[in-house]
Amino acid sequence: MRLWAEEQGTLWALKTVDGLPPAQPAQVETAFREVGQADFSRLAAAMNLPSPEPIAQRLQGNRRCFALWAAGEIVTYGWVTLGREVVGELERTFHLPDDEAYVWDCATIPAWRGRGCYSHLLSRIIYRLGEEAVPCIWIGASRQNRPSIRGFANAGFEPVLDLIYRRLLRLTWMRLEPAPAAAPGLTAAAFRILQDEHERRLGSLLIGVK
């Protein structure tokens, strides 16, 4: 474990039970589908992995991966977890209900960036999960990750809260600031999702010793 850690980000959400946002098209022709075993090698290449083995290991749990394809290759991809998921950047588990989804580890191949592929991928994921009656979808990013933030907003996600996480040795500290327009129910849910077992809540702070 490093001596210290710091991360600043925003957690976003979309409640499918309130209706789905307008679909976002890409600027190029692509095909959307869930990644299957036959696609592991191409996904490994897109993720710059030395072998497909890590992908097979990920998919043994409650995780799925969706991708856009063009010219026979994956041009953008995103992982989806139903229920709990470990988030390394924040050194904690997100405690989602079993029927809610967290979207993570998304990327677009450099040659295909700037063509609306990421917004289109998120839009297709939203519609797929909506068809499967997933009531709420969560996603997050560092505040410096402007391309991801644009993709979230284009796809219809809304910011729920900003966070600042810091750890020094074993002492952890997280400050949560609800977004002005966030629904109170989503804000309360975000606090429950983010609070780890070792932490106590003091107003807008989560404090603990790992």
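All residue numbers in this chain count up from 1 along the given sequence.
- The cationic group of Arg167 does not satisfy the cation-pi geometry with Trp173, failing either the under 6.0 Å distance to the six-membered ring centre or the 45° limit from the ring axis.
- Atom CD of Glu177 sits about 10.0 Å away from atom OG1 of Thr187, to the nearest 0.5 Å.
- Counted within 6.0 Å of CD on Glu6, heavy atoms from surrounding residues, nucleotides or ligands total more than 12; the atom is thus considered enclosed.
- Rounding to the nearest 0.5 angstrom, the gap separating the CG atom in Leu43 from the CZ atom in Arg58 is 8.5 Å.
- In this structure, the side chains of Cys106 and Tyr77 stay at 4.5 Å or more apart for every pair of heavy atoms.
- Between the side chain of Ser142 and the main chain of Gln144, a donor-acceptor pair closer than 3.5 Å is present.
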Show your working on side-chain contact (heavy atoms from CB on, under 4.5 Å) between Gln57 and Leu59 and close with a plain yes or no.
CA-CA 6 Å; Gln57 292 174 348; Leu59 291 173; over 6 Å; no

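- No donor-acceptor pair closer than 3.5 Å links the side chain of Arg175 to the backbone N or O of Ile164.
- Looking at heavy atoms from C-beta onward, Leu169 lies out of side-chain contact with Trp4 at the 4.5 angstrom threshold.
- Thr30 and Ala70 make their closest contact through CG2-CB, 4.3 Å (heavy atoms, listed as atom of the first residue, atom of the second, distance).
- Across every non-hydrogen atom of Val28 and Cys117, the tightest pair is CG2-SG, 3.9 Å.
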Evaluate the side-chain contact (heavy atoms from CB on, under 4.5 Å) criterion for residues Val86 and Phe94: first the C-alpha distance (whole Å), next the side-chain angles of each, then the deciding distance (0.1 Å), finally the verdict.
CA-CA 6 Å; Val86 175; Phe94 277 16; over 6 Å; no

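- Ion pairing between Glu34 and Arg124 fails under the 4.0 Å rule for side-chain N and carboxylate O.
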I would like to know whether His120 and Leu68 meet side-chain contact (heavy atoms from CB on, under 4.5 Å); could you show each step before the answer?
CA-CA 9 Å; His120 182 55; Leu68 293 183; 3.7 Å; yes

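- Sparse packing is recorded around CD of Glu158, with 12 or fewer heavy atoms of other residues, nucleotides or ligands lying under 6.0 Å away.
- Contact of the Leu82 side chain with the Tyr102 side chain is not registered, since no non-hydrogen atoms from C-beta on lie closer than 4.5 Å.
- Using a 4.5 Å cut-off on side-chain heavy atoms (C-beta onward), Pro21 and Leu14 make contact.
- Residues Leu186 and Cys136 share a closest heavy-atom pair of CD2-SG, 4.0 Å.
- Contact of the Thr108 side chain with the Arg113 side chain is registered, since non-hydrogen atoms from C-beta on lie closer than 4.5 Å.
- Side chain of Ser123 to main chain of Gln24: a donor-acceptor pair is present (N/O by atom type, distance under 3.5 Å, no hydrogens or angles).
- The backbone N or O of Leu20 lies less than 3.5 Å from no partner atom in the side chain of Lys15, so there is not a single donor-acceptor pair.
- The pair Arg84-Asp98 fails the salt-bridge criterion, with no side-chain N (NZ, NE, NH1 or NH2) lying under 4.0 Å from an Asp/Glu carboxylate O.
- Side chain of Asp196 to backbone of Glu199: no donor-acceptor contact under 3.5 angstrom is found.
- Residues Ile193 and Leu161 share a single hydrophobic cluster, defined by chaining ILVMFWY side chains whose heavy atoms lie under 4.5 Å apart.
- Distance check: Leu129 CG to Asp99 CG gives 11.5 Å after rounding to the nearest 0.5 Å.
- Aromatic ring orientation, Phe152 versus Trp12: perpendicular (interplanar angle above 60°, classes split at 30° and 60°).
- When all heavy atoms of Ser41 and Pro52 are compared, the pair lying nearest together is OG-CG, 3.8 Å.
- Within 6.0 Å of the CD atom in Glu132, the count of heavy atoms belonging to other residues, nucleotides or ligands exceeds 12.
- A continuous path of ILVMFWY side-chain contacts below 4.5 Å connects Leu90 to Trp104, so both sit in one hydrophobic cluster.
- Summarising the geometry of Thr10 relative to Pro159, their closest heavy-atom pair is CG2-CB, 4.0 Å, with the distance given to 0.1 Å.
- When the side chains of ILVMFWY residues are joined at heavy-atom separations under 4.5 Å, either directly or via intervening members, Tyr118 and Phe32 end up in a single hydrophobic cluster.
- Contact check for Glu100 versus Trp138: side-chain heavy atoms found under the 4.5 Å cut-off.
- Contact between Ala190 and Leu11 at its shortest, heavy atoms only, is CB-CD2, 4.0 Å.
- In this structure, Ile126 CD1 and Ile139 CD1 are separated by 8.0 Å, a value rounded to the nearest 0.5 Å.
- Salt-bridge formation is detected for the pair Arg63/Glu85: a Lys NZ or Arg NE/NH1/NH2 atom is positioned less than 4.0 Å from an Asp or Glu carboxylate oxygen.
- Distance check, rounded to the nearest 0.5 Å: CD of Glu89 to CD of Glu7 gives 6.5 Å.
- Within the 4.5 Å cutoff, the side chain of Arg33 has no heavy atoms near those of the Arg128 side chain.
- Leu206 contributes atom CG, which lies 11.5 Å from atom CZ of Arg200 (distance to the nearest 0.5 angstrom).
- Checked by atom type and distance alone, the side chain of Asn145 never pairs as donor or acceptor with a backbone atom of Ala141 at under 3.5 Å.
- Counting non-hydrogen atoms of other residues, nucleotides and ligands closer than 6.0 Å to CG of Leu202 gives a total above 12.
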Can Ile109 and Thr76 be said to form a side-chain contact (heavy atoms from CB on, under 4.5 Å), step by step?
CA-CA 6 Å; Ile109 304 306; Thr76 186; over 6 Å; no

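- Linking Ile, Leu, Val, Met, Phe, Trp and Tyr whenever their side-chain heavy atoms come within less than 4.5 Å leaves Ile137 and Val160 in two separate clusters.
- More than 12 non-hydrogen atoms from other residues, nucleotides or ligands lie less than 6.0 angstrom from CD of Glu197.
- By the 4.5 Å heavy-atom criterion applied to side chains, Met47 and Ile74 are not counted as neighbours.
- A continuous path of ILVMFWY side-chain contacts below 4.5 Å connects Val134 to Val80, so both sit in one hydrophobic cluster.
- Under the 3.5 Å distance criterion, the side-chain polar atoms of Arg42 are matched with a main-chain donor or acceptor of Gly72.
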